[in-house]
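The figures here come from the full heavy-atom set of this structure, side chains too, leaving out hydrogens, waters and symmetry mates. Numbered from 1 within each chain, the chains take letters A, B, ... in sequence-line order.
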Number of protein chains: 4
Amino acid sequence: MTKKPTKAATPTAARADAKGRAPADAAPASNRATRAAERRSAIVEAAMEEFIARGFAATRLDDIAKRAGVAKGTIYLHFKDKESMFEELVRTVIVPVVAKLNALPPPTGSVRDLVEAFAGNFLKEVIGTRRGDLVRLIVAEGPRFPSVADFYYREVVSRGIAGMRALIELGIARGEIREKNLARYPQILVAPAMIAVIWQSLFARHAPLDAQDMLRVHLDLIFGERRTT
Amino acid sequence: MTKKPTKAATPTAARADAKGRAPADAAPASNRATRAAERRSAIVEAAMEEFIARGFAATRLDDIAKRAGVAKGTIYLHFKDKESMFEELVRTVIVPVVAKLNALPPPTGSVRDLVEAFAGNFLKEVIGTRRGDLVRLIVAEGPRFPSVADFYYREVVSRGIAGMRALIELGIARGEIREKNLARYPQILVAPAMIAVIWQSLFARHAPLDAQDMLRVHLDLIFGERRTT
Amino acid sequence: MTKKPTKAATPTAARADAKGRAPADAAPASNRATRAAERRSAIVEAAMEEFIARGFAATRLDDIAKRAGVAKGTIYLHFKDKESMFEELVRTVIVPVVAKLNALPPPTGSVRDLVEAFAGNFLKEVIGTRRGDLVRLIVAEGPRFPSVADFYYREVVSRGIAGMRALIELGIARGEIREKNLARYPQILVAPAMIAVIWQSLFARHAPLDAQDMLRVHLDLIFGERRTT
Amino acid sequence: MTKKPTKAATPTAARADAKGRAPADAAPASNRATRAAERRSAIVEAAMEEFIARGFAATRLDDIAKRAGVAKGTIYLHFKDKESMFEELVRTVIVPVVAKLNALPPPTGSVRDLVEAFAGNFLKEVIGTRRGDLVRLIVAEGPRFPSVADFYYREVVSRGIAGMRALIELGIARGEIREKNLARYPQILVAPAMIAVIWQSLFARHAPLDAQDMLRVHLDLIFGERRTT
DNA sequence: TATGAATGAGACTTCATTCAT
DNA sequence: CATGAATGAAGTCTCATTCAT
């Protein structure tokens with residue numbers, strides 16, 4: 001796909017650096033460190049595609065290298081071996097997700113609106129995207145990569161559960177949610193979303209699922225049906 | 001665990017066969033066809049353990065053979081190759097599940113009782129058991145084995161969804177379920193159960209989940225909280 | 001050299017086994033165990049040639065396999081990995097040498113005659129032969145294979161030194177050897193022989209060494225010059 | 001051990017060079033040629049350590065570079081490739097030895113005294129030192145590096161043999177040595193010393209060898225036991 | 001039918017060498 | 001001159017599959 005883009009694209013700029021002073025602000029500085037970072041992220045990108053498509057064991061480093069447009073040996077400049085590549089990869093991809101979770105706005109409107117906004121975001125950013133496939137990949141490889149499962153639990157699941165619980169308690173306090181025991185199992189709140197993620201990966205071509213509509217019905221179940229829409 | 005049971009149990013009979021005489025009295029019920037079937041099911045059993053533990057690509061036929069107590073070559077007398085073994089295996093294991101789904105008793109009591117009975121059964125037979133791991137295995141390998149995903153969808157998922165939908169519609173008709181849109185998404189009904197299955201595989205050691213209690217809360221959400229318990 | 005000799009040479013005999021009873025004593029039983037042993041020794045033979053020619057690190061398993069007439073994978077049926085192959089190889093080759101040392105005849109004639117007989121044997125069996133090269137190989141790789149050096153010291157060197165010391169003490173007691181301190185350093189007795197081994201490996205083409213004559217002169221030094229020869 | 005000494009010591013000067021100005025006053029004695037020579041000898045030093053420790057094939061240029069405190073590419077400014085580095089290295093290290101051999105004082109005292117002095121020097125300078133390991137390295141790699149073996153034979157062995165022969169003949173002429181044939185095999189004179197070198201490398205930890213005492217016994221054998229000591 | 005030794009393609013990983021900076 | 005990131009050939013080892021017994 002993106003074969004050797006950096007190397008081919010910026011030889012002139014690179015040479016310019018060598019000749020004179022640093023190109024103040026004009027060129028985005030395609031220096032060594034930058035190039036290394038670009039390569040690394042090309043590898044991460046390619047690796048994610050391959051791991052998602054084939055799983056850990058069936059993925060060949062050769063294919064990752066080819067897709068990333070680097071030589072096989074280059075991978076080993078960035079990662080110790082295939083296993084740690086997989087583990088670091090998951091971390092790398094998950095970190096921005098965690099950042100977003102942490103940057104959630106404080107609850108101002110109704111709880112239902114909040115949850116709905118959250119679900120909308122999830123629909124757009126996760127379900128049916130590569131990020132959704134990553135979730136499936138973690139489910140698939142988790143038992144063989146405890147460190148990955150641990151990381152995912154610690155950084156995403158436990159925080160997500162905690163956040164959902166807080167929302168649910170707020171909803172109960174405000175009288176938006178009747179079922180008080182729901183606070184004990186925030187998993188119920190997110191279960192349909194997770195199922196939607198998996199469904200799209202596995203059964204989309206047999207029976208496409210209108211995830212948005214399904215989540216709305218689920219919220220109706222929890223918050224009571226809306227009058228106005 | 002069950003190492004070399006077949007081999008250990010019938011070496012004499014086996015050798016007798018090789019020489020040409022019939023194993024007349026030794027094991028009257030254990031004729032050739034029966035023994036072949038026994039071997040096959042030993043292989044299936046062993047293969048499932050290994051595939052669940054390591055996934056398709058990382059599982060070695062050597063290990064399956066050892067666990068099943070047969071020689072590596074024997075596997076090829078029953079299966080064309082590793083891939084078809086995996087596909088047939090999933091079919092073989094799933095068939096009894098389908099049979100059970102089909103043998104469900106006609107709805108007599110309340111819908112909630114029926115669903116609860118069904119959930120109870122699911123808890124006992126699937127969550128935290130090897131069958132639950134099979135679900136995770138299918139999620140993991142589905143994209144690489146479309147035929148497996150297809151089979152699973154056709155035999156289990158679509159039937160399950162249809163069955164659930166019928167129950168939900170009955171519940172709506174009887175006034176047990178208020179949320180009429182639920183019939184469009186029976187997935188919502190089973191989502192927490194699926195999540196429980198996955199949770200037990202991945203996060204049980206971080207945060208054990210009381211699946212039974214969670215499912216009860218979920219049913220309360222759908223059917224309304226029970227007065228008497 | 002000996003490419004696939006077994007496989008090509010004995011298919012008929014092998015098939016004969018399958019058809020009827022075991023071929024009592026006529027054919028030397030080319031059964032599985034025998035064939036395996038033959039293969040193993042072909043590998044050992046080939047490996048020794050290669051290791052001697054190139055040293056441990058520079059030897060390719062591919063070349064060993066080719067020379068032994070087996071597939072690469074076959075090596076791994078007999079040896080865990082390259083390192084243990086090397087270690088076992090040295091052991092395997094050295095054992096018969098040790099056996100010979102142990103089977104030395106009891107001292108009957110003069111000590112000089114005994115030592116001379118021993119030296120003659122050494123000349124014929126070691127110097128300029130592959131066994132001599134093995135000595136050089138051990139000298140070369142010893143520091144990187146402590147277990148090999150240990151084994152060689154324990155099985156060959158320490159026994160050889162002890163045996164030489166006994167002979168020297170006998171020689172002193174009988175008045176054949178004047179230098180009494182020699183018993184403290186049997187190494188002196190064998191040093192020229194060892195040097196001859198190494199010399200032949202390294203410098204034979206620059207300056208061939210008449211090892212036999214040199215050893216005779218050395219013995220003259222120790223036992224005094226012979227009157228009659 | 002001596003990590004990156006060069007690099008750490010002269011970064012400023014080095015950078016100054018790169019820009020084009022002469023490092024006028026900073027390091028007057030350390031001009032370009034000198035620094036290059038220093039680098040080269042750092043590489044030689046490091047390479048010898050590594051080659052001795054691991055042998056030619058198993059030594060990585062990376063490790064040599066690290067130990068020498070230079071970048072990997074720098075090695076290629078001084079040596080064509082790994083092989084010629086090894087060959088030149090041996091030459092470089094051996095030259096001073098040859099110089100010493102040539103600078104031997106003319107025989108004035110008794111031959112035994114001369115030989116003893118020589119042996120003493122050998123003990124101090126070679127046995128148990130890195131130079132001794134170099135001998136073992138040549139024994140190990142000689143067959144794969146004929147040019148090294150040739151060089152070593154021409155520069156060291158043949159000269160050493162010639163020198164020893166001259167001494168032996170002198171000893172015979174003066175009546176200090178009785179065994180006249182010894183002149184034909186000066187190897188006998190040095191054999192125990194060589195054995196001592198090898199012994200220390202391989203078996204020192206199993207059975208330490210008092211090389212000095214052994215050599216004295218050996219000389220007693222050749223020159224006859226001393227009255228006074 | 002059952003066996004398991006043998007095979008060899010193919011995977012991961014290393015490392016000598018190059019070259020833009 | 002010096003650097004070290006990048007390369008890719010080549011090596012070790014694994015394992016699905018075959019086939020003589």
Engineer: Rounded to the Å, how far apart are C:Phe79 CZ and F:dT12 P?
Structural biologist: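 These atoms are roughly 15 Å apart.
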Engineer: Does B:Lys80 or C:Asp62 map to a spot on DNA chain F nearer the 5' end, using the closest nucleotide for each?
Structural biologist: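 Counting from the 5' end, the first nearest nucleotide belongs to C:Asp62.
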Engineer: Just how far, in rounded Å, is P of F:dT14 from NZ of C:Lys82?
Structural biologist: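 Roughly 15 Å, once rounded to whole Å.
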Engineer: Roughly how far, to the nearest 0.5 Å, is the CD1 atom of D:Ile64 from the CZ atom of D:Arg54?
Structural biologist: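 These two atoms lie 9.5 Å from each other.
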Engineer: On DNA chain E, compare the nucleotides closest to D:Leu61 and A:Glu83; which residue's is nearer the 5' end?
Structural biologist: A:Glu83
Engineer: Could you state the atom-to-atom distance from CZ of A:Phe56 to C1' of E:dC12 in whole Å?
Structural biologist: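 After rounding, the gap between these two atoms is 10 Å.
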Engineer: I'd like to know if D:Glu88 pairs up with D:Arg91 as an ion pair, taking the criterion as any Lys NZ or Arg NE/NH1/NH2 lying under 4.0 Å from an Asp or Glu carboxylate oxygen.
Structural biologist: no
Engineer: Rounded off to whole Å, could you give me the OH-to-P distance for the A:Tyr76 and F:dG11 pair?
Structural biologist: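 It is 17 Å, rounded to the nearest whole Å.
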Engineer: Can you run through DNA chain E from 5' to 3' and write each base as (, ), [, ], | or . depending on how it pairs? Watson-Crick or G-U wobble, both distances under 3.5 Å.
Structural biologist: .||||||||||||||||||||
Engineer: Charged N to carboxylate O below 4.0 Å: is that the case for A:Glu38 and A:Arg35?
Structural biologist: no
Engineer: Provide, to the nearest angstrom, the distance between the NZ atom belonging to C:Lys66 and the P atom belonging to E:dG8.
Structural biologist: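 In whole Å, E:dG8 P lies 12 Å from C:Lys66 NZ.
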Engineer: Please report, rounded to the nearest Å, how far the C1' atom of F:dC19 is from the CD1 atom of B:Ile75.
Structural biologist: 16 Å
Engineer: Using a cut-off of less than 4.0 Å, is there contact between a side-chain N or O of A:Arg60 and OP1 or OP2 of E:dA9?
Structural biologist: no
Engineer: Does E:dA6 have OP1 or OP2 sitting under 4.0 Å from an N or O in the side chain of C:Arg39?
Structural biologist: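 Yes, within the criterion.
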Engineer: If you define the side chain from C-beta out and look only at heavy atoms, does anything of B:Thr92 sit under 4.5 Å from B:Arg40?
Structural biologist: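 Counting from C-beta outward, B:Thr92 and B:Arg40 do come under 4.5 Å.
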Engineer: Evaluate the side-chain proximity of A:Met85 to A:Ile43: yes if any heavy-atom separation is below 4.5 Å, no if none is.
Structural biologist: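 Yes, at least one pair of side-chain atoms sits under 4.5 Å.
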Engineer: Please confirm whether the backbone N or O of B:Ser84 pairs with a side-chain atom of B:Asp81, one donor and one acceptor, at under 3.5 Å?
Structural biologist: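 Pair found, side chain donor or acceptor close to backbone of B:Ser84.
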Engineer: Return the value, rounded to whole Å, for the distance between atom CZ of C:Arg54 and atom C1' of F:dG11.
Structural biologist: 14 Å
Engineer: If we only count heavy atoms from C-beta on, is the B:Leu137 to B:Phe86 side-chain gap below 4.5 Å?
Structural biologist: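 A side-chain contact under 4.5 Å exists here.
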Engineer: Could you check C:His78 against A:Lys72 and say which one's nearest nucleotide on DNA chain E is further toward the 5' end?
Structural biologist: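 Final value for this comparison: C:His78.
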Engineer: Mind calculating the distance between CZ (B:Arg40) and P (E:dT1) to the nearest angstrom?
Structural biologist: 13 Å
Engineer: How would you label the contact of B:Leu77 with the nucleic acid (heavy atoms, under 4.0 Å): base, sugar-phosphate, or nothing?
Structural biologist: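 Since a base atom lies under 4.0 Å of B:Leu77, the category is base.
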